[in-house]
2 protein chains.
Amino acid sequence: MFSKACEYGIRATLHIARQSQGGHRVSLKDIAGAIDSPVAFTAKILQQLVHANVIHSLKGPHGGFEMTPHQLHNVRLSHIVSAIDGDQIYRGCGLGLKACNELKPCPLHDQFKDVRDKLQLMLETTSVSELAAGLTEGLTFLKQ
Amino acid sequence: MFSKACEYGIRATLHIARQSQGGHRVSLKDIAGAIDSPVAFTAKILQQLVHANVIHSLKGPHGGFEMTPHQLHNVRLSHIVSAIDGDQIYRGCGLGLKACNELKPCPLHDQFKDVRDKLQLMLETTSVSELAAGLTEGLTFLKQ
DNA sequence: TCTTAAAAGGATAAAAATGTCCGAAATAGA
DNA sequence: TCTATTTCGGACATTTTTATCCTTTTAAGA
C-alpha cells in the first residue's frame, strides 16, 4: 500500500510525536531503535519530513528531532504520505491509466472510487497526536 | 496501490475476457496493443496468469489467449491480484509490521482495517466478466 | 577556542521491480 | 515432413527503491 520509506516515515513520526508530547527530543539512533528501521535510511526520510514541515530538527549536542506544538496540533497522516509517496495512492487511477476520469473511466473506476475515497478521508482526518496517545497508553505498538 | 505488473495483468485479463465473450482468441501482440503495455513484459505476466488458472493459452498458429466459460464465470479481481502481487495489500499491516494483529495492533490498525476490508470485499466480489461487459458497451476504457 | 555530539547532504551500493532478447517447444496447415 | 506462427522460459539489461558510508555543517559545553 505504502512504500517502505513511507511506513518508516509514519512510524518515526508517531514515535517523535509521543516523545514530544512528553517534552522529550529524540535522536536519530533513538528513533531507529524504537521503530526497528535502518539508521541511515531513516535519516533520509526524516530529512524529507523536516523539509515538509512535519517535524522539526536541531543539530549539535542535545539536538535531535521533535514536533512543535503547532505540528502536534496540525499534522495528519496525509501530510506524511504525500511528503514521501505523493498523492497517487488516493488520486491516481487504480489501473495506472493517466486519462482515467469520471467522463472516460477505467473498468474499475467506480468500484475503486469508494476504497480510494475512504482511504483519503481516513488519512486526512487521522491526526498524528491521537495515534501517539494510543502508544503512550500502551494500547498500540511500533515494532514486532 | 498495485504493482505495474498487476495493473497490466488486470487490464490484459479484462481485454481477454471481453474478446472471449465474443468468441475470439487474442494474441500477445493484440493484447499489448489493446492495453498499451510493453510486449515482452506482458508475456511474463500472462504466463503467471496461465499458471494461476486465470486465463488459458494455446501455442502455435491460431494460438493465443482466451478464457474458458468456467474461468469467465468464476474469476474475480482478487484472483489476479493475489496471483501477481500476493495478498499483502489486504492482509498485511499498513505500517509493515509482521506481528500486527487484533491483540497487538499497530497505531493505525483500526483505521486501516476499514479501508483494507473494503478493498478486499471489492476485489473478491467484482468479477472479470461484469467489468468486461462495460468495455463492450463502450462505457469504460483500457487505455488513454 | 577546542572538543564533541548531532543532523545534513552527497556519493555509492545492493536489491527489487520493470523491461528486453533470444532460442526452445508446440501446433496448424501446406 | 517442412514451414510458419505462437507461447514458454531462461538470461540479461535498465530503472527505481532501499540501504550504507563518509564528509560537512551546526551548536553546546568545557
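The figures here come from the full heavy-atom set of this structure, side chains too, leaving out hydrogens, waters and symmetry mates. Each chain gets a letter, A, B and so on, in the order its sequence line appears, and its residues count up from 1.
- In terms of the side chain to side chain donor-acceptor pair (under 3.5 Å) criterion, residue partners of A/S127 (sequence neighbours excluded) are, by chain and number, A/E130.
- B/K44 comes within 4.0 angstrom of a nucleotide base, judged by non-hydrogen atoms across all strands.
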Would you tabulate the side-chain donor-acceptor contacts of residues 48-61 of chain B under 3.5 Å, counting partners in other chains and residues two or more places apart, or write 'none'?
residue : atom : partner : partner atom : Å
B/H51   : ND1  : B/Q47   : O            : 3.4
B/N53   : OD1  : B/Q71   : NE2          : 3.1
B/H56   : ND1  : B/E66   : OE2          : 3.3

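- Counting heavy atoms from C-beta outward, B/I10 and B/L14 have side chains that approach closer than 4.5 Å.
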Going by atom type alone, with no hydrogens or angles, which donor-acceptor pairs under 3.5 Å involve a side-chain atom of residues 102-114 of chain B and a protein atom two or more places apart or on another chain?
residue : atom : partner : partner atom : Å
B/E102  : OE2  : B/H109  : NE2          : 3.2
B/K113  : NZ   : B/D117  : OD2          : 2.8

Distances under 3.5 Å between nitrogen or oxygen atoms of protein and nucleotides 3-5 of chain D:
residue : atom : partner : partner atom : Å
D/dT5   : O2   : B/P61   : N            : 3.4

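- Residues passing the salt bridge (Lys or Arg N to Asp or Glu O under 4.0 Å) test with A/K143, sequence neighbours excluded: none.
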What's touching nucleotides 13-18 of chain D from the protein side, N or O pairs under 3.5 Å?
residue : atom : partner : partner atom : Å
D/dT18  : OP1  : A/K4    : N            : 3.0

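- Side-chain polar atoms of B/S82 and B/D87 form no donor-acceptor pair below 3.5 angstrom.
- By the salt bridge (Lys or Arg N to Asp or Glu O under 4.0 Å) test, B/K29 is found to be paired with no residue, residues two or more places apart in sequence or in another chain being considered.
- Among the heavy atoms of the strands, none lies under 4.0 Å from B/L46.
- Of the candidate nucleotides D/dT20, D/dG10, D/dT7, D/dT7 has the atom lying nearest to any side-chain atom of B/F65.
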Enumerate donor-acceptor pairs with a distance under 3.5 Å from any side-chain N or O in residues 16-24 of chain B to protein atoms, sequence neighbours excluded.
residue : atom : partner : partner atom : Å
B/R18   : NH1  : B/T136  : OG1          : 3.3
B/S20   : OG   : B/I16   : O            : 3.1
B/S20   : OG   : B/M67   : N            : 2.8
B/Q21   : NE2  : B/S129  : O            : 3.4
B/H24   : NE2  : B/G22   : O            : 3.4

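- Not one side-chain nitrogen or oxygen of B/S57 sits closer than 4.0 Å to the OP1 or OP2 atom of D/dT6.
- Take B/N74 and apply the side chain to side chain donor-acceptor pair (under 3.5 Å) test, not counting sequence neighbours, and it matches B/H70.
- Residues passing the side chain to side chain donor-acceptor pair (under 3.5 Å) test with B/H79, sequence neighbours excluded: none.
- Distance, B/K29 NZ to D/dT7 C1': 12 Å, rounded to whole Å.
- Nucleic acid contact for B/H51: sugar-phosphate only, since backbone atoms but no base atoms lie under 4.0 Å from a heavy atom of the residue.
- Distance CG (B/L49) to P (D/dC8): 11 Å, rounded to an integer number of Å.
- Applying the side chain to side chain donor-acceptor pair (under 3.5 Å) rule to B/Q88 yields no partners; only residues at least two apart in sequence or on another chain are considered.
- Summarising the geometry, the separation between CG on A/L28 and P on D/dC22 is reported as 16 Å, rounded to the nearest angstrom.
- Residue A/Q47 contributes atom CD, which lies 16 Å from atom P of D/dT20 at whole-angstrom precision.
- Heavy-atom contacts of chain A under 4.0 Å fall on DNA chain C between two terminal nucleotides, which in 5' to 3' order are C/dT4 to C/dA11.
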